[in-house]
Q: 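Supplied in structure tokens, the structure appears directly below.
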Amino acid sequence: MALSPMMVFVALYLLTSIIAGDFYKVPITVAFMLSSAYAIAMSGGLPIAKRIEHYSRGAATSNLMLMLWIFVLAGAFANSAKDMGAVDATVAMALHLLPDNMLLPGLFITACFISFSIGTSVGTIAALSPIALGLAQSTGASLPLLVAVVVGGSFFGDNLSFISDTTIVATSTQQCKLSDKFRVNLFIVIPAALLILVLYFFLGTSLHAPTTTGDVHYLKFLPYLLVLILAIMGMNIMAVLMAGLFLNGVVGMADGSFDFYGWLGSMGTGISNMGELIIITMMAGGMLEIIRVNGGIEYLISKLTRRVHGKRGAELSIAALVSLTDICTANNTVSILAVGGISKEIGDRYGIDNRKCASILDTFSCVMQGLLPYGAQVLMAAGLVQLNPMKIVPHLYYPMALGLVALLSILFRYPKKYS
């Protein structure tokens, strides 16, 4: 009974979406609002004011509020960088550096590079899918394959970038530094990426990339480079994003992309764009606190781990939990939010390193999201090139390879330092 609010959420979001035939017909904020209202209503034995107090406490924990402030800064940084022309400059620079005789590996590296820089798979797909379409038309290459290369590479950054929603949520729920989780992820991501690069090299030996690209504005890439360097150095992520915001303003005003008020307006739009994610985060935190107070989390952990006798089994249970949640929600950020607290308790109980736990959450959510034909990323890519999503899925080699390496890292206790 304590877990029933989660079931109500899944029913409201998953079943109604299936009935409607559209996973974006039902606003996820509404699904969380109604399931939160149900959670407060079914939590008997306490006055209504006390139940709302429990809900509000869960929606405003210190870790969750820190996550929200990072979302605010990340939204302001990402949008002001985009309006300043950083995304277009990054795409042009990547294509300029693209080897002529290595179309598939080059396109994959470009998608990885851009997604890691801008921290979003959706933004990378929006920028590169039209380019994939143009390359397919000019070279005769398979369009589903080229689009899958872009989608796969976009999840490289979604999983690894310091300003990615999934990275922020995973590290916040597991209470570890972004730079520490980044180091763990490198051991898993790099082997998968290298494996796929080799595959693309052999698949694309007869294809050639375009020899001409637009003008490259290297100066506009500087904010991304600054954020990357400072984050790797271990600086506080909020200070990193503030430095990036300042540089966005300096570069944007210096080259005339916007004036001072345009810079402020761009930041404001970016903050507003994070509104839905902030609301979802708070409602998920409140609902999970109600479930915890009623004993639901303890019950779920006992059921999930009843056959678990060590770290390997505990890590597998966390991977399965976030993967199943992503299948139900078709949103990797929301899936980490939904099970982050439960995963933290499982990790603490079995002595799993917080950094490894954050890596598992982020990686498996991205793997599952990258393979869902009804996920936002695949649907967007398919829509931009007028292609059936199911034609893209069989070519999504990078998410498949990443899932395999991530599973092997659990089974063989790799990397040893964090296992």
Side-chain angles (χ1 to χ4, degrees), residues 1-14 26-76 165-176 237-238 268 270-301 321-322 325 328-329 331-348 354 357-358 361 365:
M1 191 63 186
L3 287 171
S4 60
M6 189 65 75
M7 300 173 194
V8 169
F9 168 74
V10 170
L12 281 170
Y13 188 65
L14 179 64
V26 181
I28 197 166
T29 47
V30 175
F32 265 117
M33 180 189 73
L34 294 176
S35 53
S36 294
Y38 169 79
I40 292 171
M42 58 74 61
S43 187
L46 292 171
I48 186 71
K50 195 69 177 175
R51 300 179 216 173
I52 294 173
E53 182 185 326
H54 285 313
Y55 181 87
S56 301
R57 188 173 63 210
T61 62
S62 59
N63 285 329
L64 191 142
M65 294 308 295
L66 177 62
M67 192 192 312
L68 298 189
W69 305 143
I70 295 172
F71 283 157
V72 167
L73 290 174
D165 293 347
T166 54
T167 295
I168 294 169
V169 173
T171 53
S172 298
T173 57
Q174 303 311 302
Q175 299 174 24
C176 66
I237 188 61
M238 296 180 74
I271 294 169
S272 299
N273 290 342
M274 301 301 284
E276 183 180 55
L277 182 57
I278 289 171
I279 291 168
I280 289 170
T281 302
M282 295 184 73
M283 288 196 291
M287 188 176 75
L288 289 170
E289 178 63 14
I290 293 285
I291 293 173
R292 188 194 67 77
V293 167
N294 289 321
I297 290 178
E298 185 65 30
Y299 173 80
L300 183 61
I301 291 172
L321 187 61
V322 74
T325 307
C328 294
T329 62
N331 187 309
N332 47 345
T333 304
V334 171
S335 65
I336 298 172
L337 270 172
V339 302
I342 299 169
S343 300
K344 179 73 169 67
E345 294 204 28
I346 294 174
D348 290 346
N354 288 353
C357 199
L361 283 172
S365 70

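Heavy atoms only: backbone and side chains are in, while hydrogens, waters and symmetry mates are out.
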Q: Should Asn354 and Asp348 count as side-chain neighbours, where that means a heavy-atom distance under 4.5 Å?
A: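 Touching, per the 4.5 Å side-chain cut-off.
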Q: Mind listing the closest non-hydrogen atom pair of Leu321 and Ser343 along with its distance?
A: CD2-OG, 4.4 Å
Q: Is the shortest heavy-atom distance from the side chain of Val72 to the side chain of Leu68 under 4.5 Å?
A: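 Counting from C-beta outward, Val72 and Leu68 never come under 4.5 Å.
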Q: Rounded to the nearest 0.5 Å, what separates atom CD1 in Ile342 from atom CG in Leu361?
A: 10.5 Å
Q: Is there side-chain contact between Met42 and Asn294, with at least one heavy-atom pair below 4.5 Å?
A: yes
Q: Between Ala76 and Ile271, what is the shortest heavy-atom contact and its length?
A: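 In terms of heavy atoms, the two residues are closest at CB-CG1, 3.9 Å.
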Q: NZ of Lys50 to CD1 of Ile40: how many Å apart, nearest 0.5 Å?
A: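 Here the rounded value is 14.0 Å.
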Q: Can you tell me how far CD1 of Ile70 sits from OG1 of Thr171, rounded to the nearest 0.5 angstrom?
A: 6.5 Å
Q: Would you say Thr166 and Ile336 make side-chain contact, with heavy atoms under 4.5 Å?
A: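 Of all side-chain heavy-atom pairs linking Ile336 with Thr166, at least one is under 4.5 Å.
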Q: Measure across Val322 and Ser365 and return the closest heavy-atom pair with its distance rounded to 0.1 Å.
A: CG2-CB, 3.9 Å
Q: For a side chain to side chain contact (heavy atoms under 4.5 Å, CB included) check, start with the C-alpha distance between Val8 and Leu34, then their side-chain angles and the critical distance, and finish with the verdict.
A: CA-CA 8 Å; Val8 169; Leu34 294 176; 5.9 Å; no
Q: Assess, by modelled atom type and distance only, whether the side chains of Ser4 and Tyr38 contain a donor and an acceptor separated by less than 3.5 Å.
A: yes
Q: Taking the side chain as every heavy atom from C-beta outward, state whether Met238 and Leu66 have any pair of such atoms under 4.5 Å apart.
A: yes
Q: Roughly how far, to the nearest 0.5 Å, is SG of Cys176 from NZ of Lys344?
A: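 Here the interatomic distance stands at 9.5 Å.
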Q: One pair to check against side chain to side chain contact (heavy atoms under 4.5 Å, CB included): Met274 and Asp165. What are the steps and the verdict?
A: CA-CA 10 Å; Met274 301 301 284; Asp165 293 347; 3.8 Å; yes
Q: Side-chain contact, heavy-atom cut-off 4.5 Å: Phe9 with Ile28?
A: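 The answer is yes, as the side chains (C-beta and beyond) meet within the 4.5 Å cut-off.
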Q: Using side-chain heavy atoms (C-beta onward) and a distance below 4.5 Å, is Val293 in contact with Arg57?
A: yes
Q: Any side-chain heavy atom of Ile279 sitting closer than 4.5 Å to one from Met33?
A: no
Q: Taking atom CG of Asn331 and atom CG of Leu337, what is their separation to the nearest 0.5 Å?
A: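 So the CG of Asn331 and the CG of Leu337 are separated by 8.5 Å.
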Q: Can you tell me how far OG of Ser36 sits from CD1 of Ile52, rounded to the nearest 0.5 angstrom?
A: 11.5 Å
Q: Shortest non-hydrogen contact from Ala338 to Thr325?
A: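 Heavy atoms only, the tightest pair is CB-CG2, 4.0 Å.
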Q: So, for His54 and Glu289, which heavy atoms are closest and what is the spacing to 0.1 Å?
A: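 Reported closest heavy-atom pair: O-CG, 3.1 Å.
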Q: Which pair of heavy atoms, one from Ser35 and one from Met287, lies closest together, and at what distance?
A: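 Closest heavy-atom pair between Ser35 and Met287: OG-SD, 3.4 Å.
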